S.K.: 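Next up is a structure, given as structure tokens.
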2 protein chains.
Amino acid sequence: MMTEDTRKAGARRASGRSNGEGRKADSALTRSKLIEAAAKLFSDNGFQAVSVREIAQAAGVNPALVNYHFGSKQQLFEEVIRIYAADNVADRMTRLAQERRRLGRLELEDVVEIYLAPMIDPQFDTDSDGVFSRLHAVMIAERMEAFDQIAARAFTAVNVTFLDELERCLPHLTRHTITWRLFAMVGSMLYFGVRPAPPGLHLISKGGCDPMNREDMRKQLINYFIEGMRAPVR
Amino acid sequence: MMTEDTRKAGARRASGRSNGEGRKADSALTRSKLIEAAAKLFSDNGFQAVSVREIAQAAGVNPALVNYHFGSKQQLFEEVIRIYAADNVADRMTRLAQERRRLGRLELEDVVEIYLAPMIDPQFDTDSDGVFSRLHAVMIAERMEAFDQIAARAFTAVNVTFLDELERCLPHLTRHTITWRLFAMVGSMLYFGVRPAPPGLHLISKGGCDPMNREDMRKQLINYFIEGMRAPVR
DNA sequence: TCAATCATTAAACAAATGTTTAAAACTATT
DNA sequence: AATAGTTTTAAACATTTGTTTAATGATTGA
């Protein structure tokens with residue numbers, strides 16, 4: 001409540017997308033440098049553990065620019081989340097459309113594989129490898145009020161789409177059951193997305209199980225997901 | 001490096017278990033009050049987001065006692081982790097022994113159910129419901145050097161035991177595959193353990209899927225885990 | 001070219017942080 | 001009851017935090 005007014009004022013003054021798109025080159029560059037640096041640092045260390053000064057230094061800009069361009073540290077984080085979530089969602093939707101065009105009616109195997117592609121497909125290795133999963137973990141660990149709204153806006157559409165597809169492929173299951181299992185899949189993949197690998201995995205497998213080895217991970221897990229999804233409720 | 005010596009000295013002076021067990025009633029009470037308060041706050045808000053003063057206030061003791069009894073905020077967190085991990089592990093090991101005595105040779109269904117019991121069994125609702133899962137998420141989100149050691153010490157034995165059982169039940173699969181899938185199960189259950197529920201789950205299921213409803217969660221997921229685990233690698 | 005707007009900077013702000021200190025209170029042993 | 005040892009307390013410590021401010025630089029449009 002103490003900084004509420006000034007923060008909003010700052011954010012409005014800065015972000016103001018209302019009057020045009022590519023309006024100032026330096027500004028957009030600074031913003032993207034901050035977002036990139038923040039994404040890396042937040043995903044590696046969490047939200048509270050990273051200071052505005054660290055982010056600014058990593059981006060090579062002045063610390064005050066965080067507040068100037070985004071209003072506050074928290075709003076910068078939210079912007080990072082929005083961008084990476086949107087990328088993740090766009091990846092999946094694009095793939096789904098492509099595969100639908102290519103194969104016509106999709107089988108369960110296809111739908112599951114497409115949904116997990118951003119996290120499991122070795123050919124899908126963007127430069128932001130794993131960053132999204134870790135950001136997700138950070139949001140969950142350090143509860144943020146704004147996040148539920150952001151997640152709802154970002155993920156509801158893609159999840160509804162995939163639930164529709166899955167429901168069509170699994171007529172013996174209720175949407176209720178399928179929803180539970182879809183989120184179980186997400187939990188698994190987020191877990192393998194954290195860095196370093198889930199505690200104990202490296203040790204207990206004597207280095208054999210490595211989530212960085214997407215090829216192996218996909219091979220060992222894809223049927224686990226598919227057959228799990230297909231299992232009756234009993 | 002600046003506080004290393006004094007911290008260790010403080011911790012040694014305080015924890016010194018060497019000269020006896022139940023030596024001072026107040027001390028043990030203060031310690032347990034701090035641990036309980038810290039577990040609640042850390043699991044709800046993360047590590048960095050919680051201050052020593054908050055913990056002390058919640059425990060009803062002086063802030064300086066955190067450093068006196070545990071050496072530092074971080075060492076208090078580590079102690080919390082150790083205790084809750086030990087509880088979690090003990091639960092599973094006890095159950096396994098019980099069921100082995102009761103049923104003799106265990107089937108895949110039994111082993112999976114026992115492993116997941118602390119997170120999925122409605123009868124297993126301790127007062128620390130969900131706290132362990134959230135603490136786990138916090139450790140993952142806010143990387144801590146000490147955690148890998150703690151996790152290794154706490155979980156290796158129980159995981160080896162259950163991997164042995166699973167390997168016996170699944171002779172058509174390699175231990176490598178089983179290890180991947182065991183951790184996939186863990187990831188799912190940790191995801192459902194966070195509070196509030198995984199982002200979007202409540203919304204997209206219109207309130208139908210609620211991880212607090214252990215009975216429903218178990219019913220919808222148990223076969224997903226079992227049949228997923230059993231699936232061939234292909 | 002002048003004015004206005006936007007972007008950047010260095011400095012300062014108040015508040016909160018983990019931790020330390022030195023004295024006090026308490027407990028147990030002699 | 002006196003002593004020694006442990007536990008608790010309030011206060012202070014030095015940092016660090018996110019954010020604000022006021023001045024400067026840069027860019028754009030008239």
Side-chain angles (χ1 to χ4, degrees), chain A residues 1-34 38 41-42 45-57 59-78, chain B residues 1-34 38 41-42 45-57 59-78:
Chain A
M1 61 184 69
M2 57 174 170
T3 55
E4 192 64 25
D5 293 341
T6 49
R7 243 202 299 152
K8 280 187 180 172
R12 235 181 269 121
R13 174 163 40 107
S15 66
R17 274 207 194 96
S18 51
N19 65 342
E21 189 54 30
R23 46 195 174 59
K24 193 61 66 60
D26 286 3
S27 176
L29 187 73
T30 301
R31 283 178 64 95
S32 70
K33 279 195 291 188
L34 279 171
L41 286 167
F42 284 144
N45 310 315
F47 175 73
Q48 299 262 8
V50 175
S51 71
V52 171
R53 287 169 176 80
E54 286 179 77
I55 299 168
Q57 187 177 356
V61 306
N62 189 283
L65 292 178
V66 167
N67 297 275
Y68 178 77
H69 283 289
F70 300 94
S72 69
K73 178 190 175 188
Q74 160 129 4
Q75 284 170 285
L76 167 58
F77 181 77
E78 291 172 16
Chain B
M1 59 184 71
M2 56 174 172
T3 55
E4 193 64 25
D5 293 341
T6 51
R7 245 203 294 152
K8 281 188 178 173
R12 235 182 268 118
R13 173 164 39 109
S15 66
R17 276 208 193 96
S18 51
N19 65 341
E21 189 53 32
R23 45 194 174 61
K24 194 59 66 61
D26 285 3
S27 177
L29 187 73
T30 300
R31 284 179 63 96
S32 70
K33 280 195 292 189
L34 279 170
L41 286 167
F42 284 144
N45 310 315
F47 176 73
Q48 299 263 6
V50 175
S51 71
V52 170
R53 286 167 177 84
E54 285 180 78
I55 298 168
Q57 187 177 356
V61 305
N62 190 284
L65 291 178
V66 167
N67 297 275
Y68 179 76
H69 283 289
F70 299 94
S72 69
K73 178 191 175 189
Q74 160 129 5
Q75 283 170 285
L76 167 58
F77 180 77
E78 290 172 16

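A quick note: this is a predicted structure, and the numbers were derived from the prediction, not measured.
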S.K.: Measure from OH on A/Tyr68 to C1' on D/dG18 and round the result to the nearest Å.
M.R.: 19 Å
S.K.: Is there a donor-acceptor pair under 3.5 Å between the side chain of A/Lys73 and the backbone N or O of A/Asn67?
M.R.: no
S.K.: Heavy atoms only: give me the nearest B/Val50-B/Leu41 pair and the separation to one decimal.
M.R.: CG2-O, 3.5 Å
S.K.: So does A/Thr30 get a side-chain nitrogen or oxygen closer than 4.0 Å to the phosphate oxygens (OP1/OP2) of C/dT8?
M.R.: yes
S.K.: Of the listed nucleotides (C/dT17, D/dT19, C/dT19), which one gets closest to any side-chain atom of B/Glu54?
M.R.: C/dT17
S.K.: Give a yes/no on whether any side-chain N or O of B/His69 is located under 4.0 angstrom from OP1 or OP2 of D/dT8.
M.R.: yes
S.K.: In whole Å, I'd like the distance from the CD atom of B/Gln48 to the P atom of C/dA16.
M.R.: 17 Å
S.K.: Could you tell me how far apart A/Leu65 (CG) and D/dA26 (P) are, to the nearest whole angstrom?
M.R.: 15 Å
S.K.: Can you tell me if B/Arg31 uses its side chain to pair, donor with acceptor, with the backbone of B/His69 under 3.5 Å?
M.R.: yes
S.K.: Could you state the CG-P distance from B/Asn62 to C/dC26, rounded to the nearest angstrom?
M.R.: 14 Å
S.K.: Measure CZ/A/Phe77 against P/D/dT17 and give the value in whole Å, please.
M.R.: 18 Å
S.K.: Please report the distance, rounded to the nearest Å, between CG in B/Leu29 and C1' in C/dT27.
M.R.: 15 Å
S.K.: Between B/Val66 and A/Gly60, which residue's closest nucleotide on DNA chain C lies nearer the 5′ terminus?
M.R.: A/Gly60
S.K.: Looking only at side-chain atoms of B/Arg53, point me to the closest of D/dA12, C/dT9, D/dT17.
M.R.: D/dA12
S.K.: Of the listed nucleotides (D/dG18, C/dT8, D/dT7), which one gets closest to any side-chain atom of B/Ser27?
M.R.: D/dT7
S.K.: Check the angle between the aromatic planes of A/Phe47 and A/Phe42 and answer parallel, tilted or perpendicular using the 30° and 60° thresholds.
M.R.: tilted
S.K.: Starting at atom CG of A/Asn67, determine the distance to atom P of D/dT17, rounded to an integer number of angstrom.
M.R.: 14 Å
S.K.: At their closest point, which heavy atom of B/Leu34 faces which heavy atom of B/Ala56, and how far apart are they?
M.R.: CD2-CA, 4.3 Å
S.K.: Does A/Ser51 have a side-chain nitrogen or oxygen under 4.0 Å from the phosphate oxygens OP1 or OP2 of D/dT16?
M.R.: no
S.K.: Whole Å only: how far is the CD atom of A/Gln57 from the P atom of C/dT9?
M.R.: 13 Å
